[in-house]
Engineer: 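Starting off with a structure, shown below.
FYI, side chains are in, hydrogens and waters are out, and symmetry mates aren't considered; it's all heavy atoms of this structure. By convention here, the first residue in the shown sequence is residue 1.
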Amino acid sequence: MTGTLAALVLAACSSSGGKQPAEASGAAQAGVADTPRMTIALITHAAPGDTFWDLVRKGAEAAAKKDNVDLQYQADPDGANQANLVQSTIDKKVDGIAVTLAKPDAMKANVEKAVQGGIPVVALNGGIEDWKAMGVQGYFGQDEKIAGEAAGERLKTDGAKKALCVIQEQGHVGLEARCDGAKATFPDTEKIYVTGTDMPSVQAAITSKLQQDPGIDRVLTLGAPFALTAVKSVKDASSSAKVVTFDTNKDLVTAIKNGEVEWAVDQQPYLQGYLAVDSLWLYKVNGNTIGGGQATLTGPAFIDKTNVANVEKFAANGTR
């Protein structure tokens, strides 16, 4: 299994796609399985316009292309609506479901229904504390509390004095865990809640907070688009605060290279999507499971000026 997983990780290093189904490129396109066509649903809590999920979807599409899978992607940031999407896939009798569990209480009943109905389910990105209890067979992502703690340690090492942790979606257990983890290792961390689907209001809220509290010298955002917006807020507020973040996209990598953003915590979203779909295919065709009953961690790692060149070419392809 170790050799198989290593091959999957290498395959996940380069692919391209987008908001619409797209052809994979590079290593992920090397071969196409001759196994019977199957249907796998990928259901996330993605909010419209959040580029993080483009990367997850591209990884899933690359694996689907390789594995002769009909990938059906759906998303809704509302927990109840996302749960309804799971029910819809159960009704369609799909061969497997990959799902995020950012709002586990809302998702629990329908995920368990899928499992009890004989549909294999894996989780990714959100719900690391909850997936086992729902009977899900694997998890692909990072431990958000550990990632938050790592971010807090990095803030301390960088000599920060006070951090503002920007949460763009209330009720999201993973985002809360990031801020809580940061506060555990960097106690002078304050949360602010913004509406992530309304970027002008995000910019205004961060600007206002920086103007009210000039002691804030770090803005810690939890997604690449919000980091880029925070850069504008810092300028609007005439603040000297530095911006750091979780997660990346092409523009964020450029911002790190240019010094507008100090660093990003990378959880490899492309890899999460790829492994989630590929693991379901492996289970269906060969009875394999990945992780040995434990989460398969895809992060955290830091991207900063010292190593940004290593991921820049992949970011240009839209896969990092």
Engineer: Using only atom types and a distance under 3.5 Å, with no angle test, would you say the side chain of T245 pairs donor to acceptor with the backbone of A264?
Structural biologist: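 No; judged by distance alone, with no hydrogens or angles, the pair does not exist.
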Engineer: Check step by step if side-chain hydrogen bond (donor to acceptor under 3.5 Å, both in side chains) holds for T185 and E149.
Structural biologist: CA-CA 6 Å; T185 52; E149 290 170 352; over 6 Å; no
Engineer: I need the single residue from V94, L280, I97 that forms a side-chain contact (heavy atoms from CB on, under 4.5 Å) with P120. Which is it?
Structural biologist: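 That would be L280; it is the only one of V94, L280, I97 passing the side-chain contact (heavy atoms from CB on, under 4.5 Å) with P120.
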Engineer: To the nearest 0.5 Å, what is the distance between CD (Q116) and CD1 (I119)?
Structural biologist: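 Taking CD in Q116 and CD1 in I119, the distance rounds to 11.5 Å.
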Engineer: Is it possible for you to check whether K242 lies under 6.0 Å from the centre of the six-membered ring of W263, through NZ or CZ, and within 45° of that ring's axis?
Structural biologist: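 Pair K242/W263 does not count as cation-pi.
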Engineer: Quick one: are K113 and Q87 in side-chain contact, heavy atoms under 4.5 Å?
Structural biologist: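 The answer is yes, as the side chains (C-beta and beyond) meet within the 4.5 Å cut-off.
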Engineer: Find the distance between NZ (K162) and CG (D217) and round it off to the nearest 0.5 Å.
Structural biologist: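 K162 NZ to D217 CG: 10.0 Å, rounded to 0.5 Å.
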Engineer: May I ask you to decide whether K191 forms a salt bridge with E176, counting only side-chain N to carboxylate O separations under 4.0 Å?
Structural biologist: yes
Engineer: Without swapping roles, check the side chain of D50 against the backbone of W53 for a donor-acceptor pair under 3.5 Å.
Structural biologist: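 No; zero donor-acceptor contacts below 3.5 Å.
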Engineer: Tell me if a side-chain donor or acceptor on N307 pairs with a main-chain N or O of N310 at a distance below 3.5 Å.
Structural biologist: no
Engineer: Taking everything shown except Y283 itself, do over 12 heavy atoms lie less than 6.0 Å from its OH?
Structural biologist: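 Atom OH in Y283 is not packed in, count stays at 12 or less.
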Engineer: Please name the pair of heavy atoms, one in A163 and one in L155, separated by the smallest distance, quoted to 0.1 Å.
Structural biologist: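 What the structure gives for the nearest pair is CB-CD1, 3.9 Å.
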Engineer: For V69, is there any backbone N or O sitting under 3.5 Å from a side-chain donor or acceptor partner on D67?
Structural biologist: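 No.
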Engineer: Say whether, by atom type as modelled, one donor and one acceptor occur between the side chain of Y274 and the main chain of V56 under 3.5 angstrom.
Structural biologist: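 Pair absent, no side-chain N/O of Y274 close to backbone of V56.
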Engineer: Would you check if L42 and L71 make a side-chain contact, meaning some heavy-atom pair closer than 4.5 Å?
Structural biologist: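 In contact.
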Engineer: Taking NZ, NE, NH1 and NH2 as the nitrogens, is one of them in E190 or K183 under 4.0 Å from a carboxylate oxygen of the other?
Structural biologist: no
Engineer: Nearest 0.5 Å please: distance from the CG atom of L271 over to the CG atom of D278.
Structural biologist: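 Output value for this atom pair is 10.5 Å.
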Engineer: Any Lys/Arg nitrogen of E61 or R57 sitting under 4.0 Å from an Asp/Glu carboxylate oxygen of the other?
Structural biologist: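 Judged by the 4.0 Å cut-off on N to carboxylate O distance, E61 and R57 do form a salt bridge.
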Engineer: Just wondering, do V111 and W131 contact through their side chains at under 4.5 Å, heavy atoms?
Structural biologist: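 Contact flag for W131/V111 side chains = no.
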Engineer: Should the pair K108-D130 be classified as a salt bridge under the 4.0 Å nitrogen-to-oxygen rule?
Structural biologist: no
Engineer: Which is it for D247 and Q267 under the side chain to side chain contact (heavy atoms under 4.5 Å, CB included) test, yes or no, and what are the steps along the way?
Structural biologist: CA-CA 7 Å; D247 301 330; Q267 62 174 310; 3.0 Å; yes
Engineer: Can you tell if the side chain of F246 reaches within under 4.5 Å of the side chain of L220, non-hydrogen atoms only?
Structural biologist: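 F246 vs L220: side chains touch.
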Engineer: Does D95 use its side chain to pair, donor to acceptor, with the backbone of T39 at less than 3.5 Å?
Structural biologist: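 The answer is yes, because a donor-acceptor pair under 3.5 Å joins these two groups.
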Engineer: Would you say the side-chain atoms of S239 pair up with the backbone N or O of K235, donor to acceptor, closer than 3.5 Å?
Structural biologist: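 Pair absent, no side-chain N/O of S239 close to backbone of K235.
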Engineer: Say you draw a straight line from CG of D76 to NE2 of H45; how long is it, rounded to the nearest 0.5 Å?
Structural biologist: 11.0 Å
Engineer: Could you walk me through whether Q212 and S208 pass the side-chain hydrogen bond (donor to acceptor under 3.5 Å, both in side chains) test, one step at a time?
Structural biologist: CA-CA 6 Å; Q212 293 170 14; S208 177; 3.0 Å; yes
Engineer: May I ask you to test the C179-T189 pair for a side-chain heavy-atom distance under 4.5 Å?
Structural biologist: no
Engineer: Should I40 and D70 be marked as a side chain to side chain contact (heavy atoms under 4.5 Å, CB included) after you check the CA-CA gap, both sets of side-chain angles, and the distance that decides it?
Structural biologist: CA-CA 6 Å; I40 290 175; D70 174 16; over 6 Å; no
Engineer: Is the shortest side-chain heavy-atom distance between M38 and N68 below 4.5 Å?
Structural biologist: no
Engineer: Given the rule in the side-chain hydrogen bond (donor to acceptor under 3.5 Å, both in side chains) test, do K103 and Q82 qualify, once you have shown the distances and angles that lead to the verdict?
Structural biologist: CA-CA 9 Å; K103 298 179 176 72; Q82 189 191 5; over 6 Å; no
Engineer: For the atom pair CG (D304) and NZ (K257), what is the distance rounded to the nearest 0.5 Å?
Structural biologist: 14.5 Å
Engineer: Would you sort out whether T100 and I43 count as a side chain to side chain contact (heavy atoms under 4.5 Å, CB included), showing the intermediate values?
Structural biologist: CA-CA 7 Å; T100 62; I43 304 170; over 6 Å; no
Engineer: Can you check whether E312 reaches K250 side chain to side chain, under 4.5 Å on heavy atoms?
Structural biologist: no
Engineer: I'd like to know whether NZ of K232 has more than 12 heavy-atom contacts from other residues, nucleotides or ligands below 6.0 angstrom.
Structural biologist: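 Counting neighbours around NZ of K232, 12 or fewer heavy atoms of other residues, nucleotides or ligands fall under 6.0 Å, so no.
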Engineer: Please step through side chain to side chain contact (heavy atoms under 4.5 Å, CB included) for the pair F302 and V265, ending with a clear verdict.
Structural biologist: CA-CA 5 Å; F302 285 92; V265 180; 3.7 Å; yes
Engineer: Tell me yes or no: between the side chains of Q142 and E144, is some donor less than 3.5 Å from an acceptor?
Structural biologist: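 The criterion, which ignores hydrogens and geometry beyond distance, is satisfied for E144 and Q142.
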Engineer: Rounded to the nearest 0.5 Å, what separation is found between the CG atom of L222 and the SG atom of C165?
Structural biologist: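 Spacing of CG (L222) from SG (C165) equals 4.5 Å.
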Engineer: If you look at every heavy atom in T197 and A47, which pair is closest and at what distance?
Structural biologist: CG2-CB, 3.9 Å
Engineer: Given D158, which of R154, K156, K161 fulfils the salt bridge (charged side-chain N to carboxylate O under 4.0 Å, His left out) condition?
Structural biologist: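 Only one option passes, and that is R154.
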Engineer: What pair of heavy atoms forms the shortest contact from A241 to I216, and how long is it?
Structural biologist: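 Closest approach of A241 to I216: CB-O, 3.6 Å.
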Engineer: Determine whether a donor-acceptor pair (N or O, by modelled atom type, separation under 3.5 Å) exists between the side chain of Y139 and the backbone of G126.
Structural biologist: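 Yes, Y139 side chain to G126 backbone: donor-acceptor pair under 3.5 Å.
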Engineer: Please lay out, stage by stage, how N286 and N288 fare under the test side-chain hydrogen bond (donor to acceptor under 3.5 Å, both in side chains).
Structural biologist: CA-CA 5 Å; N286 203 46; N288 298 124; 3.0 Å; yes
Engineer: Determine whether R320 and I303 make a side-chain contact, defined as any pair of heavy atoms from C-beta on separated by less than 4.5 Å.
Structural biologist: yes
